[in-house]
Every structure is written in C-alpha cells, then in structure tokens.
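Read the structure below first, then the notes.
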Number of protein chains: 2
Amino acid sequence: MNFSLDQLLAFQAAAESGSFSAAARRLGKAQSVVSTAIAHLEIDLGLSLFDRGGRYPRLTAEGERLLRDAQRILDDCRHLQALAGDLVGGTEARLTLAVDDESHLPWLDGLLADFAQQFPRVELELLFPLMDDLVHMLLEGRAQVGIGYEQIEPQRDITRHVLGRVSAPMVVAPAHPLARTSPVRREDLAHARQIALTARGQGTEGQPFQVSSQVWWVEGDPAVLELVRRGHGWAMVPDFLARGPLARGEIVEIHCEEPLALRCHSLELLWHRGRALGRAGQWMKAALLARGAALLAA
Amino acid sequence: MNFSLDQLLAFQAAAESGSFSAAARRLGKAQSVVSTAIAHLEIDLGLSLFDRGGRYPRLTAEGERLLRDAQRILDDCRHLQALAGDLVGGTEARLTLAVDDESHLPWLDGLLADFAQQFPRVELELLFPLMDDLVHMLLEGRAQVGIGYEQIEPQRDITRHVLGRVSAPMVVAPAHPLARTSPVRREDLAHARQIALTARGQGTEGQPFQVSSQVWWVEGDPAVLELVRRGHGWAMVPDFLARGPLARGEIVEIHCEEPLALRCHSLELLWHRGRALGRAGQWMKAALLARGAALLAA
DNA sequence: ATTCATCTATCTGTTTTGTAGATGGGTGCT
DNA sequence: AGCACCCATCTACAAAACAGATAGATGAAT
C-alpha cells in the first residue's frame, strides 16, 4: 500500500471536476499539488489513470474502473470519521433492544424506520428472549433497552415504565363450530381445543389462561395465530396481532357468557438503572414512551 | 478526513499484535512511529482508541468498533492495489460473455465457478442476447466472448469455433396422447399442438422446424420446456435442457416414423478477430474450448 | 493564421511532516 | 529489588508536501 488518501482524494476530485486545476480549486490547493499527487498515484499503481492527450485530461478505461474502488475507500473513510464523531458526541455504536416476542415487530416497524434515519450509523441489534432472559440481558449489559410484559418479581436495578395494556381477545377461524354460536358458554370453550402460549424454558407461563381440557401448547403468538387461522382451535391472541386477520375475515372474535381470566398484560419498557444510555438509547426510550402506546393501539 | 492510511495501518497492527512495540517490529518501523501515529489518529478522531493503563495497551470499546471500519478501509485499499496489479498484468477489469440463451447456464455453471476462483476481481457480465444482437455486441465491443448457434451468414471479423453439437429430441408430457403411440406418424405430430421456439426480434427463426399446423411460438427454450411439461403440446427441446426432466419422468421422448428436419445445431464460441482479449478472456476462451464440449455432453 | 484563455508538467525554495534513536517513567513478573 | 518489557516524549535529520512561478500545449475565437 504505497498510495495515500490525499492521492485518492485528488484522483476523485480530478475525475469529478474534469480538470486538475478545477480539482485543485475545489480542494483549496495549488494546481501542482493535484498534478503531482495523481502522477505519484499513477506511479504507485503502475498504470495511467488519465489520458493527457487533449485539453482536458480524460479517464482511461483502467482509471474509470479504479475510480469506483477509490470512491468506496473514501466513502468508508468519511464513514469512519462520522462514526468517530457519533461516539464523541455520546452516541453509542450499537444498541441492543430486547423484545419479549417478535410478534411486536409490526407496531415497532415505524419506530425502527425513524431510528434508522435518526441514527444511520448505529448498529441496531434486535433480540427476542424469553421474559427471564430479557431481565438477565439487561442486568448483564447484553441489552440496553427491553420491552416485555409485567414481571412477577420486579428487580431493583431494572427500571420499568408501562407502555400500554395489551388485551388478547378470543378468536377462532370462521369455519370453526364456535364461530356460529357466539356468545359461547364456558363449557363450549372447555370442550373445544385451545391453542395456548408457552415458552421454551418454562412450561408454565400460560397455565393461568388454560380454559379447555384439550390444549395445544405453542411457542410464540404468531404460531398460535397461524394454527387458529387454520382452524385447529380457539385462542387468546394479542390485540395488535389479531387486528389484521380479523379485518380480513381470516379469523373472528368470540365472546363468552361468563367472565374468564382473559389474557391482559401491561407491556413495559425496561432498562437498567445504573447503566447510562447513549444518545441512541435515550432516543429509543423517549420515542417508545412518547409514541409506544399510540403505536400499540393503532 | 484528517487521518492517513499509515495511521490506520499502525492502528490495525497495534490492535492485532497487542502492543505498539510489537506492531512496530511487524511493520519494520521504530516504536516511536507507531506510538505517534496512533496518538495522532486519536487526536484526529477525537477519542482514545487504547487504554494505556496497564502493561499492554488495550482497545477501548470505541476502538474496537472503529477498528472494524479501519480494517475494511485497509482491505479495500489492498483490493485496489491488487486490481491495479491485475490491470497492469493484462487482466481486464470486466469481461462480458454473451450467450445465446440463458438455458445454457446449467452447464456453464462449473466453468463460471472456476473463473470466479481464478479471477476473483474481474467483474463478469453475462448477457443473453438474440443471435443477431450477439454478433453486433461482439462487433461493437460490448461483449468480448460469445456463445451461440451457428449463423446463417458469417461475419469476417468474428472468429468462430465449434464447441459441440446440440440435438433437440422431440418431447411431450407423459399424460399427453402422443406419449402412448410412439413411434408416431408425421400426421399425428401435425395434428397435435407444437410448442416452437421464436425470438423477440425476428419471428421467423424457428420456421424451418415447424411441423404442426397448430403452433404456439414461445421465446426461450426454458419456457418451451415448461409448457411441454404442463402438457400443452410437443416440442423439440435441446438435449442438455431435456435431460433432467426426462430422467425425472416429467417428460418423455417420442420418435417419428418418418425422418424430420430435427433441430440440431452447432454451438459455437465466437470472438472478435481484431480485439485483443485480456487474460481473463483468454482463460475463458481456452476453458470453453477445452472443456465446453465435455460439459455440454455431460 | 493568430490571439487568448486555460490547461498540465516541472522546477524552486520553503515549510511541514515523518522518522529513527535515545531517554525517562511506568508496569508486571520473578 | 531486579529485570524485561512496555509507552510517551524529545531531538535532529531526512523526506515529503506545498505554493508559486515558468514553460509548453491545447482548443476556441477572432
């Protein structure tokens, strides 16, 4: 690697402005500087980048090809500098967001798009751990911001803030027998197959919501929804997930005559009390608090 | 952009060797050079890359993140240098291969893989023009190497060399009536729908091979094959394309009692007599001549 | 054909930067 | 405490980058 960034910069400027003199003016340097820089670059690379036959230098075929690579290098350099500026300004290089379940992605989508625009150079990491893992990740610093349902035993180092409440209506496929007899009796529910949510580690999470004696335990609400859509049973599916399929008529809501222990949780924003968040993390936290509830409901 | 490539190089070497002194030894420079280079880089970026607390310097979190970008820049620089070396050594930066039809891709596949290994930095362009366009592309320098069927009127500037002969057996779906009565009579063929090849520009290419009065003209052999597979008629399909579906029983071959004007062409390698090929083009030409026939048949 | 504005290459002296080696202060292991 | 190794800093010197000036060349306008 014999050449220098200044040489590449002169190369790019000359190629773009069409003349060495114009490039020198643009770079605020003397013409001789650009001229020698390119001459040296040509010596280093062992070929000529410009055809000096005419009044204005013209890129050779090789020059044209190599220019693309040179531009990429310069772009990367600018990226490095900008990233360093970010870090100096307190923006972290990477933000890890731990979300209870990937079924939350749809309503997070717009927020993430804004984040990408606001912090183009921050690497966003999205993880979907189970509830307990989520808290551990925050405690260990593996993740900086978490979104999850309310915990049974709060940790003292974890700050929590309610984003909104998520209710889970009972739904069933339109062709399912239960769809015809709404409102249904509790016994009807108890004798039809229920698709209930479970978690990989702890098999007991969904037990308070078990109504039927025939249960299929399924990991993840999206999978639950899919099985309901295919008519395998009824389930309680979070509002924001059920909304689309309900509107399209792929599933229908059913009601029960008697009150049930309906799935209805607070969705909470979690972060570590001790660890300071960078600018990106602060933005994410503030944006979730400000718009999270609305997004969740919309 | 204040920093220099030497500084990035020192940064990388120091990060990899774990000490500034070791990096200096590796780079063949004095220790003070590495030390000041990194110090200046830190000033330019506005943050510290190493933690000098202990015996050995240790990357800070920011340094770790920025190192990745630095390495990418250096890799790109090495790529640029290697590419320049290629060009000096007579290897072209881009090779355009014009092939009569994309149906030839399967047997070209292995060859292209070898090419990628042999010339990792050469951009390969694959185009699939019609016969006449193919010759024009070679004449105009838009493509350097061509693969196509024998032409009616040879051009004096285009050199041709036979790669192999491609025969096109008559095939039909297993469920098709013609599949039951093989060998078939010419009248049977004439009264069943024929799927025949045509080209976008000139509608007459396939006319010598028209046997039936009911014809669907279709652009491209893969599309012809697909229609045959779906039982829409019979067709003459190039050997190397028909082989797989024949083996899987998706189509069957039929024979005619009387001799027909069967599709059987020489597949030729074409290049421009006047334009010198670079190393990559020469390799491609030689590889096709040496192994093309075998690949075509296998 | 000649003029003219503008281009590039090259030379010059000056300034800036890069460099090796030496020095001093520090760390961690024995 | 001794030792081996590390890093930052200083100094003097060599290499380079630099601005400005000059000369030759090009293409358009006169």
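Predicted model only: the values in this text are computed from it and were never measured. Throughout, protein chains are lettered first and strands after them, A, B, ... in sequence-line order, and every chain is numbered starting at 1.
- Nearest heavy atom pair, residue B/Leu111 against residue B/Ala287, reads CD1-CB, 3.8 Å.
- Backbone-only contact: B/Arg25 has heavy atoms under 4.0 Å from sugar-phosphate atoms and none from a base.
- In this structure, B/Lys29 reaches the C/dT19 phosphate: one of its side-chain N or O atoms is under 4.0 Å from OP1 or OP2.
- From A/Leu66, atom CG reaches atom CD of A/Gln71 across 11.5 Å, with rounding to the nearest 0.5 Å.
- In this structure, the nucleotide among C/dA22, C/dT8, C/dT10 sitting nearest to the side chain of B/Ser32 is C/dA22.
- Projected onto DNA chain C by closest heavy-atom contact, A/Tyr56 and A/Ala39 fall at different nucleotides, the more 5' of which corresponds to A/Tyr56.
- Heavy-atom nearest nucleotides on DNA chain D were determined for A/Ser4 and for A/Arg52, and the one closer to the 5' end corresponds to A/Ser4.
- Between D/dC7, C/dC7, D/dA19, one nucleotide has an atom nearer to the side chain of A/Pro57 than all others, and that is C/dC7.
- Across all strands shown, A/Ser21 has heavy atoms under 4.0 Å from base atoms, whether or not it also approaches the sugar-phosphate.
- Of the candidate nucleotides C/dG26, C/dC7, D/dC18, C/dG26 has the atom lying nearest to any side-chain atom of B/Arg55.
- Nearest to the side chain of A/His40, among D/dA17, C/dT8, D/dA19, sits D/dA17.
- For the pair B/Asn2 and B/Leu45, the minimum side-chain heavy-atom distance is 4.5 Å or more.
- In this structure, A/Ile38 places its CD1 atom 13 Å from P of D/dC18, rounding to the nearest Å.
- Regarding contacts with the backbone of D/dC7, every side-chain N or O of B/Ser35 stays at 4.0 angstrom or more from both OP1 and OP2.
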